[in-house]
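Since the structure comes first, as structure tokens, the remarks are kept for the end.
A note on names: the letters A, B, ... follow the listed sequences, proteins ahead of strands, and every chain is numbered from 1.
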Number of protein chains: 2
Amino acid sequence: MTAQGAQGGTFLVPEHTDVTEAESLHRGGNCQDVSEILARVGDKWSVLIVMMLGSGPRRFNELKRMVGGISQRMLTLTLRGLERDGLVTRTIYPTIPPRVDYALTDLGHSLSEPVKALGAWAIENKATIRQAREAFDARRDEAQDWGGRRFG
Amino acid sequence: MTAQGAQGGTFLVPEHTDVTEAESLHRGGNCQDVSEILARVGDKWSVLIVMMLGSGPRRFNELKRMVGGISQRMLTLTLRGLERDGLVTRTIYPTIPPRVDYALTDLGHSLSEPVKALGAWAIENKATIRQAREAFDARRDEAQDWGGRRFG
DNA sequence: CGGGATCCCCAATGATACTG
DNA sequence: CAGTATCATTGGGGATCCCG
């Protein structure tokens with residue numbers, strides 16, 4: 001599909017149903033299936049925590065401090081979710097005071113690879129994105145000026 | 001995390017506070033900064049749309065059909081957000097009926113790489129995760145049984 | 001220290017209708 | 001077709017208290 005002119009009307013969409021998943025990923029087919037998993041992965045907190053745990057096991061409050069800005073509730077819920085998905089293990093040391101260590105499973109580590117790549121991208125392009133946003137917003141404000149000024 | 005058994009009392013946690021950001025990324029330091037960017041990336045719809053656009057420019061309703069399940073409102077908002085961040089371009093063809101093409105910018109393409117890696121991981125481990133979830137839930141239900149049964 | 005239970009609120013998202 | 005505007009919903013997520 002290269003030579004698509006401006007054919008305004010309806011166009012045919014091939015029944016993109018039974019493609020193999022492996023292929024559909026790279027071609028942009030029915031990615032709805034992935035969204036379910038990506039929802040977990042894409043979750044703001046999950047990603048951060050997986051990144052944190054990439055460097056080794058951490059304790060609850062240790063994670064809380066590292067993430068910064070997460071409530072204990074969300075930390076608990078997120079860790080539970082990750083545990084449920086088999087991405088982290090929860091090890092309880094029945095000491096006093098109690099101690100709980102969270103660590104990535106093998107699956108978790110395998111996830112941390114693409115996640116770290118994403119994190120690296122984020123850091124690498126942080127400035128660029130910020131600039132793009134400011135430029136976009138500036139353009140928008142400008143546009144509002146026109147609308148606001150009754151061409152006086 | 002090999003030795004240290006259950007050493008009951010208080011124990012020392014090294015003051016892991018003043019790491020540099022560059023180092024913190026790979027080691028799991030204070031990644032809060034990244035979360036802002038990751039929030040956009042991690043957004044369910046954004047990720048899917050970036051994946052869709054990875055295979056070339058798409059029209060509005062084309063994307064809507066491909067994503068499947070997204071409301072036109074969310075599609076508009078998501079695309080605006082991506083445009084604002086300099087990840088996609090919006091090209092209007094003043095034809096009748098109107099036509100708008102969305103395409104990844106260079107920045108968008110650079111993002112699509114790690115995103116595709118993540119998608120690949122998601123597909124690859126979809127089954128494993130589903131199993132882990134079922135196992136976890138089964139364990140939880142089991143536990144609830146104990147609570148329910150008054151040790152008959 | 002780790003975390004369950006509760007209350008509460010607002011931002012994210014969907015549904016619907018209208019416009020160019 | 002591509003979007004904007006409005007309304008209704010809901011559940012994500014913070015604050016707080018309490019327990020083992």
Open item on the list: Less than 4.0 angstrom between a side-chain N/O of Tyr102(B) and OP1 or OP2 of dC1(D), yes or no?
Closed with: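 No, outside the criterion.
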Task: Check ion pair Arg58(B)-Asp101(B) (N to O, under 4.0 angstrom) - done: no
In whole angstrom, give the distance that lies between atom [atom1] of [X] and atom [atom2] of [N].
X	N	atom1	atom2	answer
Leu75(B)	dA5(D)	CG	P	17 Å
Asn61(B)	dG3(D)	CG	P	9 Å
Arg90(B)	dA2(D)	CZ	P	10 Å
Leu77(A)	dG11(D)	CG	C1'	12 Å
Lys64(A)	dG14(D)	NZ	C1'	11 Å
Gln72(B)	dG14(C)	CD	C1'	9 Å
Met74(B)	dA11(C)	CE	P	15 Å
Ile92(B)	dG20(C)	CD1	C1'	12 Å

Nearest-neighbour nucleotide for the [X] side chain, [options] considered:
X	options	value
Arg73(B)	dG2(C), dA15(C), dC1(D)	dA15(C)
Val100(A)	dT4(D), dG2(C), dG14(D)	dG2(C)
Ser71(B)	dA2(D), dG14(C), dG3(C)	dG14(C)
Arg59(B)	dG4(C), dC1(C), dC1(D)	dC1(D)

Task: Euclidean distance, Arg65(B) CZ relative to Leu75(B) CG, rounded to 0.5 Å - done: 11.5 Å
Task: Atom of Val88(A), atom of Leu79(A) and distance for their closest heavy-atom approach - done: CG2-O, 3.9 Å
Task: Min side-chain heavy-atom separation Trp121(B)-Leu107(A) under 4.5 Å - done: yes
- [ ] Check whether NZ of the Lys or CZ of the Arg Arg99(B) lies under 6.0 Å from the centre of the six-membered ring of Tyr93(B) and within 45 degrees of that ring's axis.
- [x] yes
Open item on the list: Pick the closest DNA chain D nucleotide for Pro98(A) and for Arg80(B) by heavy atoms, then say which residue is nearer the 5' end.
Closed with: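 It is Arg80(B), whose closest nucleotide lies nearer the 5' terminus.
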